[in-house]
Amino acid sequence: MDGNGRWANQKGKPRAAGHQAGFRNTRDIVEACGRRQIEALTLFAFSSENWRRPEKEVGLLMDLFLRALKSEVGKLNENKVQIQFIGERSAFSEKLQNEMVRAEELTNKNQGLKLAIAVNYGGRWDIVNATKLIAEQVKLGKLQPRDITADTFSNYISLASLPEPDLFIRTGGEKRISNYLLWHLAYTELYFSDVLWPGFDESELDKALAFFGGRERRYGRTGDQVAGKNA
Ligand code: IPE
Ligand code: MG
């Protein structure tokens with residue numbers, strides 16, 4: 001979700017207003033995904049690199065995050081959304097960490113949209129973290145190095161309970177992954193939009209979904225094989 005700051009700039013508003021508008025848009029897009037019966041949505045809300053921003057902006061984002069958790073979780077729960085957070089959450093205030101646990105516990109059994117929110121998340125961190133967990137298992141003698149496969153990794157990496165992402169959307173014009181779900185994106189269709197996040201509305205979401213609908217997913221095979229010819 002990129003482009004909050006530029007959106008505010010274009011309107012002659014402070015960056016804070018951009019983040020506020022970005023938050024409102026996030027709420028709308030989560031609802032729109034629910035209506036479209038999308039199984040899972042992962043939002044990159046705060047990267048492990050975002051701490052490098054001016055202290056004031058980081059503080060503001062934390063405030064917004066806390067307020068959003070307090071105000072939105074009840075409604076999300078009513079809408080049967082199942083919430084989980086991914087990332088190194090120990091860096092956040094105790095208050096925020098408690099709200100995250102509360103949201104996860106409250107919505108744990110919900111059967112609607114599976115919403116994952118990446119906070120203090122980095123794709124490399126995720127891979128390193130999975131490696132540490134796997135190494136622990138090896139040390140305990142529960143796993144042999146020769147038995148480590150890509151599937152083993154998929155079990156120890158974030159979002160292990162979700163299907164691999166079909167579609168990646170980055171708004172705001174940059175064509176980069178920026179240390180997002182590096183492991184998970186191996187076969188994901190990548191969609192880049194120039195629209196700044198606060199302006200990425202339902203019609204833009206539908207454009208992204210139409211793009212996805214037009215892709216042929218070959219997973220290394222030929223087009224003919226996928227079409228069932230010469231398979
Ligand atoms: C994305 O918008 C929001 C967060 C990273 C929290 P930006 O704040 O990166 O907006 P730009 O890139 O400066 O426009
Ligand atoms: Mg940005």
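In each ligand, atom 1 is the first atom listed, and ligand 1 is the first ligand listed. From a predicted model like this one, the values you see are computed outputs, not experimental measurements. Excluded from the calculations below are hydrogen atoms, water molecules and symmetry mates; all remaining heavy atoms, backbone and side chain alike, are included.
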*Asks:* Salt bridge between E88 and R124, side-chain N to carboxylate O under 4.0 Å?
*Replies:*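 Looking at R124 together with E88, the answer is no, because their closest N to O distance does not fall below 4.0 Å.
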*Asks:* Are any of the heavy atoms in E174 under 4.0 Å away from ligand 1?
*Replies:* no
*Asks:* Please could you name the atoms of ligand 1 that H19 approaches to less than 4.0 Å, counting only its heavy atoms?
*Replies:*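 Those atoms are 3 (C), 8 (O).
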*Asks:* Non-hydrogen atoms of G3 versus ligand 1: any pair closer than 4.0 Å?
*Replies:*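 Right, G3 reaches ligand 1.
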*Asks:* Has A45 got any heavy atom lying under 4.0 angstrom from an atom of ligand 1?
*Replies:*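 Contact check A45 vs ligand 1: positive.
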*Asks:* Classify the ring geometry between F92 and F46 as parallel (under 30°), tilted (30 to 60°) or perpendicular (over 60°).
*Replies:* perpendicular
*Asks:* Fit a plane to each ring of W197 and F200, take the angle between them on a 0 to 90° scale, and name the class: parallel (under 30°), tilted (30 to 60°) or perpendicular (over 60°).
*Replies:* parallel
*Asks:* Counting only heavy atoms not in R52, do more than 12 fall under 6.0 Å of its CZ?
*Replies:*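 Counting other residues, nucleotides and ligands, CZ of R52 stays at 12 neighbours or fewer.
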*Asks:* With only distance considered, is W7 within less than 3.5 Å of ligand 1 through an N or O on each side?
*Replies:*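 No.
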*Asks:* Please determine whether E174 has a backbone or side-chain N, O or S atom lying under 2.8 Å from the Mg ion (ligand 2).
*Replies:*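 No, outside the cut-off.
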*Asks:* Checking side-chain polar atoms at under 3.5 Å, does S158 have a donor or acceptor matched by the opposite partner on W183?
*Replies:* no
*Asks:* What residue and atom, counting heavy atoms only, is the protein's closest point to atom 10 (O) of ligand 1, and at what distance?
*Replies:*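 Residue, atom and distance for the closest contact: G5 N, 2.9 Å.
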*Asks:* Quick one: do L43 and F65 end up in the same hydrophobic cluster if we chain Ile, Leu, Val, Met, Phe, Trp and Tyr together by side-chain heavy atoms under 4.5 Å apart?
*Replies:*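 Linked, L43 and F65 end up in one cluster.
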*Asks:* Are there over 12 heavy-atom neighbours, none belonging to E94, within less than 6.0 Å of that residue's CD?
*Replies:*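 No, not enclosed.
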*Asks:* Write the atom name of the N, O or S atom in D2 that is nearest the Mg ion (ligand 2).
*Replies:* OD1
*Asks:* Side chain, backbone, both or neither: which applies to N50 and ligand 1 if a contact is any heavy-atom pair less than 4.0 Å apart?
*Replies:* side chain
*Asks:* Indicate whether any N or O donor in one side chain lies under 3.5 Å from an N or O acceptor in the other, for N25 and D201.
*Replies:*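 Checked: N25/D201 side chains show no N/O donor-acceptor pair below 3.5 Å.
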*Asks:* What is the closest protein heavy atom to atom 1 (C) of ligand 1, and at what distance does it sit?
*Replies:* M1 O, 3.0 Å
*Asks:* Suppose I only count heavy atoms of R6 and a 4.0 Å limit; which atoms of ligand 1 are within that range?
*Replies:* 11 (P), 12 (O), 14 (O)
*Asks:* Any side-chain donor paired with an acceptor under 3.5 Å for T171 and D2?
*Replies:*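 On atom types as modelled, these side chains do not qualify, holding no pair under 3.5 Å.
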*Asks:* For atom 8 (O) of ligand 1, what's the nearest protein heavy atom and its distance?
*Replies:*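 The closest one turns out to be R53 NH1, 2.7 Å.
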*Asks:* Could you tell me the residue and atom name of the protein heavy atom closest to atom 3 (C) of ligand 1, and the distance to it rounded to 0.1 Å?
*Replies:*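 Minimum-distance protein heavy atom for atom 3 (C) of ligand 1 reads N4 ND2, 3.4 Å.
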